Amino acid sequence: MTIQLGDTAPDFTAETTEGQLSLHEYLGDSWGILFSHPADFTPVCTTELGEFAKRKDDFTKRNTKLIGVSVDSVESHRDWSADIAETQGEGLNYPLIGDEDRHVANLYGMIHPNALATATVRTVFVIGPDKAVKLTLTYPASVGRNVDEIIRVLDALQLSSEYSVSTPVNWKDGDDVIISPAISDEDAKEKFPEGFITMKPYLRLTPQPGK
Ligand code: BEZ
């Protein structure tokens with residue numbers, strides 16, 4: 001199944017390292033990041049899952065819950081967590097789904113047979129509080145993800161959902177943002193009291209609201 005932006009993130013119930021949970025209930029009113037890795041006890045995955053654990057507070061601050069998945073068993077995840085803690089400084093502190101029957105992997109199209117026949121590739125699904133999919137990323141097994149980038153896109157998504165703005169190339173928290181072309185200059189003056197500069201009628205920049 002291909003999940004597209006704007007689709008409702010399919011709900012499921014699964015066994016995890018923190019017990020059985022249902023995705024929608026687990027997320028509640030929070031944002032969520034559902035991510036898959038190819039396999040436990042593999043090098044790149046060990047670094048990634050450790051980094052997600054170390055950055056958990058950064059996600060919590062952003063009202064965002066993490067949940068990982070692979071086709072390994074929950075028992076394997078628990079054993080592997082000790083290695084993650086030993087080598088990365090922090091073990092699993094978010095639920096990791098044991099998806100041996102590939103229910104979640106198939107529901108989210110996480111298995112790409114031409115890249116990796118029997119395991120999930122590295123996917124990321126950012127899910128909004130409305131349960132809609134806001135962003136997807138897919139990486140091959142050989143390339144570890146960048147957690148700073150995932151936090152950056154989360155900041156951008158949350159800003160866009162709160163204000164009528166979008167974020168320009170290479171934007172990072174604190175940089176100027178783009179006022180939606182749908183907003184008139186008159187309304188923009190009211191909405192963005194710090195002012196804005198007009199580079200083109202469709203390209204107006206304002207300091208990041210709420211900073
Ligand atoms: C890794 O995490 O290093 C890895 C996992 C599956 C296939 C290849 C590499």
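Keep in mind it's a predicted model, so treat the numbers as computed, not measured. For this chain, numbers begin at 1 and follow the sequence in order. In listed order, ligands and their atoms are each counted from 1.
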**Q.** Glu75, CD: over 12 other non-hydrogen atoms inside 6.0 angstrom
**A.** no
Q) Is there a donor-acceptor contact under 3.5 Å from the side chain of Ser22 to the main chain of Glu25? A) no
Q: Starting from atom 3 (O) of ligand 1, locate the nearest protein heavy atom and write down its residue, its atom name and how far away it is, to 0.1 Å.
A: Val44 N, 2.9 Å
Q: Determine whether more than 12 heavy atoms belonging to other residues, nucleotides or ligands lie under 6.0 Å from atom CG of Asp29.
A: no
Q) At what distance is the nearest protein heavy atom to atom 8 (C) of ligand 1, and which residue and atom is it? A) Ala141 CB, 3.8 Å
Q | atom 6 (C) of ligand 1: nearest protein contact (heavy atom, Å) | A | Pro38 CB, 3.5 Å
Q | Geometric N/O contact Cys45 with ligand 1, under 3.5 angstrom | A | yes
Q. Which atoms of ligand 1 sit under 4.0 Å from any heavy atom of Thr42?
A. 1 (C), 2 (O), 4 (C), 5 (C)
**Q.** Region of Arg122 that comes within reach of ligand 1 [heavy atoms, distance under 4.0 Å]
**A.** side chain
Q.
So for atom NZ, which belongs to Lys191, do other residues, nucleotides or ligands contribute more than 12 heavy atoms lying within a distance under 6.0 Å?
A. no
Q. Counting distance only, does the side-chain N/O of Arg62 pair as donor-acceptor with the main-chain N or O of Asp58 below 3.5 Å?
A. yes
(Q) In terms of relative ring orientation, are Tyr94 and Phe52 parallel, tilted or perpendicular, with 30° and 60° separating the classes? (A) perpendicular
Q: Check whether any heavy atom of Pro43 sits under 4.0 Å from an atom of ligand 1.
A: yes
